[in-house]
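In what follows, a structure is listed as structure tokens, so that the remarks can point back to it.
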Amino acid sequence: MTILDHAAITTIPYVPFDRTEYENRVEHARRLMKRYGFDALLVTSEHNWRYFVDDISTTPSSTTRPRFLLIPLSGEAVGIVPGSFDEFYGQTTWVKNYRTWAGPNPKDEGVSTLAKALNDLPTTAKIGTELGAESRLGMPVGDFLRVVDAIQPRTFVDASDPIFTPLRMIKSPAEIERMRTVNGIASVVFDKLAPKLRQGMTEREVCRLYELECFLLGVDKTLKINCNSGRGGYTRCFGVPTDKILSRDDLLFIDQGFLFNFYFSDFNRHFAFGVPDQNTVDAYKLVWEATEVGVGAVRPGIPISDIYAAMSGVLNSKESQRKVTSIGRMGHSMGLWMPELPSVHPEDKTLLKPGMIINIEPSTNYPSYFDGTPKLMIHEEVVVVTENGSELLTSRTPRTIPVVSQ
């Protein structure tokens, strides 16, 4: 008998976006294309492909059988995909016009077919694609350079900053609902986790239990589980769970990233094994308060750097006698990928707008109660910017650290 014999499995029905969702996305893209002088948009990365097509069949990242979408300034969009994929996409997505090649074919994995489609554009065409900050091409760079040569004098220019990033930065109500679902599930399981833990478990056992509980409630995939622990605190926020045995005086940090219909959750929680020491309690309280101020500062019309400043004011106050850590920022956005722009950073002046997702993520360093070595404390919550302020998509971490007493 397995644990599944005693567990109820929740399967959340898949609700596809309405066709109007994609029509709006394409129309918005074309308005931006016209503003910045683009003749066409070439979509290559998995995340942008999924944004425009809603392909739920592929993995979040793929290195074989690339898929392309060509969106001209006017006229019908064209899917450029390996043979046999066109039938599937034609039946399951709004795109009906396809060009194909016989793949997989490493010697010519769509290069000739893609180049031929692009050569149908005017010779002066300026084609936007993913060349900017926090973007990637969904094809080998060598293949991309071959296409560059094959379509001259037509040129590629960066479309990440002017088109892809601002498009995906503002989430639709349907996108927000998917993120509300996955962050809600992750919250519920975190909130009920402490009584299921015990001293003597390993980091891996705790994280596997957490993942299992989330899957039982309906999440689709795990993209990451960061986990660290240590006596009197942890030293970094990155790292995979290990076979380290959790014992009295340990503080456990778990930071997860789940997907529901390819939209992300991402936030962390802490668990104290035994009564936590005073230094850890003080650091936890300080960062909880900074998080509270950060969440409260979110509202439309302000630069995202104002959120950083608000949290820095708490962390750097005379009362705290601590400093902001050197992680580099205190939050970010997310959606079809994690993280996404903008960043909660003093130099990021992006104005907040309704529909933006903001991960509020302040942190501080503090000395270990036991030996004085530096420890890290970092909290994270997820909010969506609304017309009047913000809505919390996570359940909010407890004011005091959950304690594993057994």
Side-chain angles (χ1 to χ4, degrees), residues 3 183 185-217 219 222-258 265-291 325 327 338 359-382 394-406:
I3 189 171
N183 284 279
I185 292 172
S187 293
V188 166
V189 177
F190 265 143
D191 292 345
K192 298 180 178 180
L193 188 61
K196 300 177 182 181
L197 306 183
R198 67 182 187 279
Q199 296 178 35
M201 296 179 74
T202 66
E203 292 177 348
R204 290 182 65 198
E205 287 173 334
V206 171
C207 290
R208 288 297 175 89
L209 174 62
Y210 178 73
E211 288 180 275
L212 173 61
E213 296 283 346
C214 287
F215 281 124
L216 291 175
L217 288 183
V219 303
T222 306
L223 260 289
K224 72 160 187 173
I225 289 284
N226 285 333
C227 175
N228 280 290
S229 67
R231 189 171 186 240
Y234 51 95
T235 59
R236 51 187 167 81
C237 59
F238 305 106
V240 297
T242 70
D243 290 321
K244 176 184 180 298
I245 296 174
L246 297 162
S247 56
R248 182 167 296 278
D249 296 328
D250 277 342
L251 180 70
L252 174 66
F253 164 88
I254 302 176
D255 185 15
Q256 51 72 39
F258 288 109
S265 69
D266 173 50
F267 61 97
N268 67 60
R269 293 292 184 260
H270 297 84
F271 301 91
F273 284 71
V275 178
D277 63 84
Q278 192 60 50
N279 287 15
T280 297
V281 168
D282 290 345
Y284 184 96
K285 180 176 182 286
L286 173 67
V287 181
W288 193 97
E289 291 172 348
T291 306
T325 64
I327 290 176
M338 200 297 300
N359 292 54
I360 305 296
E361 195 173 12
S363 58
T364 192
N365 290 118
Y366 67 100
S368 167
Y369 174 84
F370 299 99
D371 59 14
T373 57
K375 301 296 182 180
L376 172 67
M377 179 64 65
I378 180 169
H379 287 204
E380 187 171 14
E381 305 289 358
V382 183
T394 46
S395 62
R396 193 69 176 93
T397 192
R399 281 180 176 268
T400 57
I401 308 172
V403 174
V404 179
S405 57
Q406 56 182 332

Are the side chain of [X] and the backbone N or O of [Y] linked by a donor-acceptor pair below 3.5 Å?
X      : Y      : result
Glu361 : Glu380 : no
Asp250 : Ser247 : yes
Ser368 : Phe370 : yes
Glu381 : Thr397 : yes
Tyr210 : Ala186 : yes
Asn365 : Lys375 : yes
Ser405 : Gly274 : no
Asn228 : Arg236 : yes

*Report the C-alpha separation of Val281 and Thr400 in whole Å, then their side-chain angles, then the decisive distance to 0.1 Å, and conclude whether the side chain to side chain contact (heavy atoms under 4.5 Å, CB included) test is met.*
CA-CA 8 Å; Val281 168; Thr400 57; over 6 Å; no
Just wondering, do [Y] and [X] contact through their side chains at under 4.5 Å, heavy atoms?
X      : Y      : answer
Val206 : Pro241 : no
Leu216 : Leu212 : yes
Val189 : Leu217 : yes
Val240 : Arg204 : no
Ser363 : Val287 : no
Met377 : Leu251 : yes

*Sort and list the pairs that fulfil side chain to side chain donor-acceptor pair (under 3.5 Å) and have at least one residue in residues 185-194, not counting sequence neighbours.*
Asp191-Ser395
*Could you tell me whether Phe271 and Phe253 have their ring centroids closer than 6.0 angstrom?*
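Ring centres of Phe253 and Phe271 not closer than 6.0 Å.
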*So, do Phe267 and Phe258 have ring centers that fall under 6.0 Å from each other?*
no
*Any chance you could lay out the side chain to side chain contact (heavy atoms under 4.5 Å, CB included) test for Asn268 and Ile378, step after step, and finish with the verdict?*
CA-CA 8 Å; Asn268 67 60; Ile378 180 169; 4.3 Å; yes
Would you give the length of the straight line joining atom [atom1] of [X] to atom [atom2] of [Y], rounded to the nearest 0.5 angstrom?
X      : Y      : atom1 : atom2 : result
Cys227 : Tyr234 : SG    : OH    : 11.0 Å
Leu246 : Gln199 : CG    : CD    : 9.0 Å
Ile401 : Lys285 : CD1   : NZ    : 12.5 Å
Thr394 : Ile360 : OG1   : CD1   : 9.5 Å
Phe273 : Gln406 : CZ    : CD    : 9.5 Å
Leu286 : Thr364 : CG    : OG1   : 5.5 Å

List the atom of [X], the atom of [Y], and the distance in Å for their closest heavy-atom pair.
X      : Y      : result
Pro362 : Thr291 : CG-OG1, 3.1 Å
Val403 : Ala194 : O-CB, 4.4 Å
Pro398 : Tyr284 : O-OH, 2.7 Å

*Are more than 12 heavy atoms from other residues, nucleotides or ligands located less than 6.0 Å from atom CZ of Phe215?*
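Yes.
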*Apply side chain to side chain contact (heavy atoms under 4.5 Å, CB included) to Met338 and Leu223, showing your working.*
CA-CA 9 Å; Met338 200 297 300; Leu223 260 289; over 6 Å; no
*May I have the step-by-step check of side chain to side chain contact (heavy atoms under 4.5 Å, CB included) for Lys224 and Phe238, ending in yes or no?*
CA-CA 10 Å; Lys224 72 160 187 173; Phe238 305 106; over 6 Å; no
*Hey, are Arg231 and Asp371 close enough for a salt bridge, meaning a charged N less than 4.0 Å from a carboxylate O?*
no
*asked:* Assess the residue pair Ser265 and Gln256 against the criterion (side chain to side chain donor-acceptor pair (under 3.5 Å)); give the C-alpha distance rounded to whole Å, side-chain angles, the decisive distance to 0.1 Å, and a yes or no.
replied: CA-CA 7 Å; Ser265 69; Gln256 51 72 39; 2.7 Å; yes
*Going through the distances and angles, do Arg269 and Asp255 end up as a salt bridge (Lys or Arg N to Asp or Glu O under 4.0 Å)?*
CA-CA 7 Å; Arg269 293 292 184 260; Asp255 185 15; over 6 Å; no
*For the residue pair His379 and His270, categorise the inter-ring angle as parallel (less than 30°), tilted (30 to 60°) or perpendicular (more than 60°).*
tilted
